Amino acid sequence: MKRHLGYTYFLTRGLASVGTETNFICLAYNLRRMIKIKGVKELLRLFGDRARSKSNMNDVYLSKIA
């Protein structure tokens with residue numbers, strides 16, 4: 001996957017750092033796929049809807065506490 005994106009080696013050392021770098025590469029790969037499938041505008045709309053629903057859930061939770 002890294003070679004497909006143009007990277008031939010890891011930029012970090014150590015198992016934890018390499019694992020984190022691999023996770024970022026997988027995240028970038030999946031985001032690129034989502035952009036190709038849905039398109040940028042649709043993806044931004046979906047992320048915005050999700051963020052607003054999470055925000056409303058936090059407001060409800062905080063109102064129950066207060």
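Bear in mind that the values here come from a model prediction, so they are computed numbers and not experimental data.
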Worksheet item: More than 12 heavy atoms of other residues, nucleotides or ligands under 6.0 Å from CD1 of I37: is that the case?
Response: yes

Worksheet entry | Heavy-atom side-chain proximity of T22 to V18 below 4.5 angstrom | yes

Worksheet item: Does the side chain of F47 come within less than 4.5 Å of M34's, by heavy atoms?
Response: yes

Discussion item. Among residues at least two apart in sequence or on other chains, which ones pass side-chain contact (heavy atoms from CB on, under 4.5 Å) with S17?
Written reply: T12

Worksheet, complete the sentence: Sorted by chain and number, sequence neighbours left out, side chain to side chain donor-acceptor pair (under 3.5 Å) with T20 holds for none

Could you pull out all donor-acceptor pairs under 3.5 Å where a side-chain atom in residues 38-45 meets a protein atom, sequence neighbours excluded?
unit_1 : atom_1 : unit_2 : atom_2 : d
E42    : OE1    : R45    : NE     : 3.4
E42    : OE2    : R45    : NH2    : 2.7
R45    : NH1    : D49    : OD2    : 2.7

